There are 2 protein chains.
Amino acid sequence: MVSAEKPAASSGARRGSPGEGLPPTTLVLPGDEPTAAALIAAAVEVMAVHGYHGTSVRDIAAAAGTSPAILYHHFTSKQGLLATMLDRGLDVLIAATEEALDLAGEDPADRLRAVVGAHVRVHLESQRESLLGNSELRSLEPGARALVVAKRDVQQRIFDRVVRDGVRRGVFGADQPDDAARFVSTACTAVAAWYRPGGRLGPDEIVARYEEIALDAVRYGR
Amino acid sequence: MVSAEKPAASSGARRGSPGEGLPPTTLVLPGDEPTAAALIAAAVEVMAVHGYHGTSVRDIAAAAGTSPAILYHHFTSKQGLLATMLDRGLDVLIAATEEALDLAGEDPADRLRAVVGAHVRVHLESQRESLLGNSELRSLEPGARALVVAKRDVQQRIFDRVVRDGVRRGVFGADQPDDAARFVSTACTAVAAWYRPGGRLGPDEIVARYEEIALDAVRYGR
DNA sequence: CCTACCGATCGGTAGG
DNA sequence: CCTACCGATCGGTAGG
């Protein structure tokens with residue numbers, strides 16, 4: 001994976017020269033090689049503020065410390081970048097949730113705590129990316145959107161299955177398991193909309209409280 | 001409310017001529033007077049699909065069956081239209097919620113059902129406008145955004161107060177009333193994101209089920 | 001003769 | 001309240 005093409009330091013140093021229109025909070029240090037991952041990270045930051053259509057490819061490139069031309073080397077289009085961003089974000093969310101479930105054992109309450117905890121934690125730790133995943137689905141062209149929506153449905157079905165299992169075993173008393181699962185998952189998703197780092201509650205406290213409220217919402221032990 | 005300004009039929013006929021790029025679902029019939037309200041309604045429709053930055057003033061004007069110039073007669077800017085749209089949407093939401101509370105009496109469970117029912121119903125009946133209220137807050141300039149955020153806080157405090165009252169009276173068993181109130185209100189807001197008219201559940205059923213799940217989430221009767 | 005990029009600019013369209 | 005435009009900037013691509 002080592003490339004001997006050309007030292008990138010000179011190019012980076014040129015771009016980093018002061019007095020230019022670049023914002024001071026460039027996300028890639030001078031000398032770094034601009035990768036697809038760095039471009040996605042930069043796009044997350046700027047799109048979270050102005051949205052997909054409110055962000056130009058030049059905004060994204062500038063935030064990554066590079067040029068639009070490099071963006072078009074790594075992605076077919078601005079659309080392609082958005083599609084990759086949202087698709088990978090959901091892969092991370094689903095993987096984290098399934099991993100938590102694998103570790104949770106058989107107890108339905110532990111399993112609901114696992115999926116709620118994983119879902120909330122991802123939405124707190126990748127807050128901006130999560131916000132974009134919810135607000136910019138409409139900006140995806142139909143093909144890519146269908147793919148992302150399908151992955152969102154996969155995550156919802158994980159919640160559905162955990163709640164249904166708990167009801168079937170008589171541990172949860174929810175009258176309408178799927179509605180309760182939707183109620184819970186959407187409340188967990190919404191933490192990305194109101195959470196502010198440094199606020200009243202930290203991520204661990206939010207996770208712990210949401211796990212217990214979720215158990216109440218499915219009538220755990222009733 | 002009758003305006004004698006000018007018969008709009010000829011203009012409407014011109015715009016409605018076939019073979020043009022106009023979508024067939026123009027929201028204002030030829031002959032209607034384009035008002036600020038009609039422009040907002042048209043903007044809600046097109047912005048709900050493409051977002052604020054993805055929608056041009058020409059898109060809005062065309063959906064309202066009028067011209068960009070008329071839009072700038074009724075609003076100072078595209079920003080001004082968005083600010084008016086979101087501000088009035090929250091006024092409607094808060095008014096509906098307070099009216100429901102007034103009718104609810106003293107029982108904490110009835111009061112929670114009232115605010116949940118009103119909040120959910122508004123988000124179902126004004127689905128697109130509600131979606132924009134959540135996704136396009138970031139597109140508002142700081143002054144207007146602060147005003148809208150303050151009104152959103154007013155709505156959240158209504159939920160907070162109802163849950164706290166229920167806990168104080170010993171009717172709700174929530175350990176963390178404000179967190180439960182946030183959990184519930186955000187789940188109710190999210191109905192605008194997943195509801196599809198003609199789907200499994202109608203508005204009345206969703207309202208009824210969400211009222212009961214909300215009561216579970218605050219540990220009603222425990 | 002390829003890739004990975006550069007500075008510059010394309011054809012159209014944005015808000016006003 | 002329309003036609004005709006503006007300054008600028010859009011997403012994307014040219015030659016080298």
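Proteins get letters first, then strands, A, B, ... in listed order; numbering begins at 1 in each. None of the values given here were measured: they were computed from a predicted structure.
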Taking all heavy atoms of [X] and all of [Y], pick out the closest pair and write down the distance.
| X | Y | value |
| --- | --- | --- |
| Leu82(A) | Ser139(A) | CD2-CB, 3.9 Å |
| Pro68(A) | Arg58(A) | CG-CG, 3.7 Å |
| Gly89(B) | Glu129(B) | CA-OE2, 3.5 Å |

Quiz question: by atom type and distance under 3.5 Å, do the side chains of Asp87(B) and Thr84(B) form a donor-acceptor pair?
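Side-chain D/A pair, Asp87(B) to Thr84(B): absent.
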To the nearest Å, give me how far apart [atom1] ([X]) and [atom2] ([N]) are.
| X | N | atom1 | atom2 | value |
| --- | --- | --- | --- | --- |
| Ile70(B) | dG16(C) | CD1 | P | 17 Å |
| Leu82(A) | dG12(D) | CG | P | 12 Å |
| Asp59(A) | dG12(D) | CG | P | 14 Å |
| Tyr72(A) | dG15(D) | OH | P | 18 Å |
| His50(B) | dT13(C) | NE2 | C1' | 15 Å |
| Ile60(A) | dG11(D) | CD1 | P | 8 Å |
| Met47(A) | dC10(D) | CE | C1' | 13 Å |
| Leu71(B) | dC2(D) | CG | C1' | 15 Å |

Taking atom C1' in both dA8(D) and dG12(C), compute the distance separating them and give it to the nearest angstrom.
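My reading of the C1' atoms in dA8(D) and dG12(C) gives 13 Å.
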Just compare [options] and give me whichever is closest to any side-chain atom of [X].
| X | options | answer |
| --- | --- | --- |
| Lys78(B) | dC2(D), dC5(C), dG16(C) | dG16(C) |
| His73(A) | dG16(C), dG12(D), dT3(C) | dT3(C) |
| His74(A) | dG11(D), dC5(C), dG16(C) | dC5(C) |
| Ser67(B) | dT13(D), dC2(D), dG16(C) | dC2(D) |

Looking across every strand, which nucleic acid part, if any, lies under 4.0 Å from Thr76(B) by heavy atom: base, sugar-phosphate, or nothing?
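The residue Thr76(B) makes no contact with any strand.
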Is [Y] paired with [X] through a side-chain N to carboxylate O contact shorter than 4.0 Å?
| X | Y | value |
| --- | --- | --- |
| Arg200(A) | Asp179(B) | yes |
| Arg182(A) | Asp160(A) | no |
| Lys78(B) | Glu136(B) | no |

Secondary-structure stems, DNA chain C, at least 3 Watson-Crick or G-U base pairs under 3.5 Å:
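Listed by first number, the stems come to none.
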Toward the 5' end of DNA chain C, by each residue's nearest nucleotide, Arg58(A) or Ala69(A)
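Whichever sits nearer the 5' end wins; that is Ala69(A).
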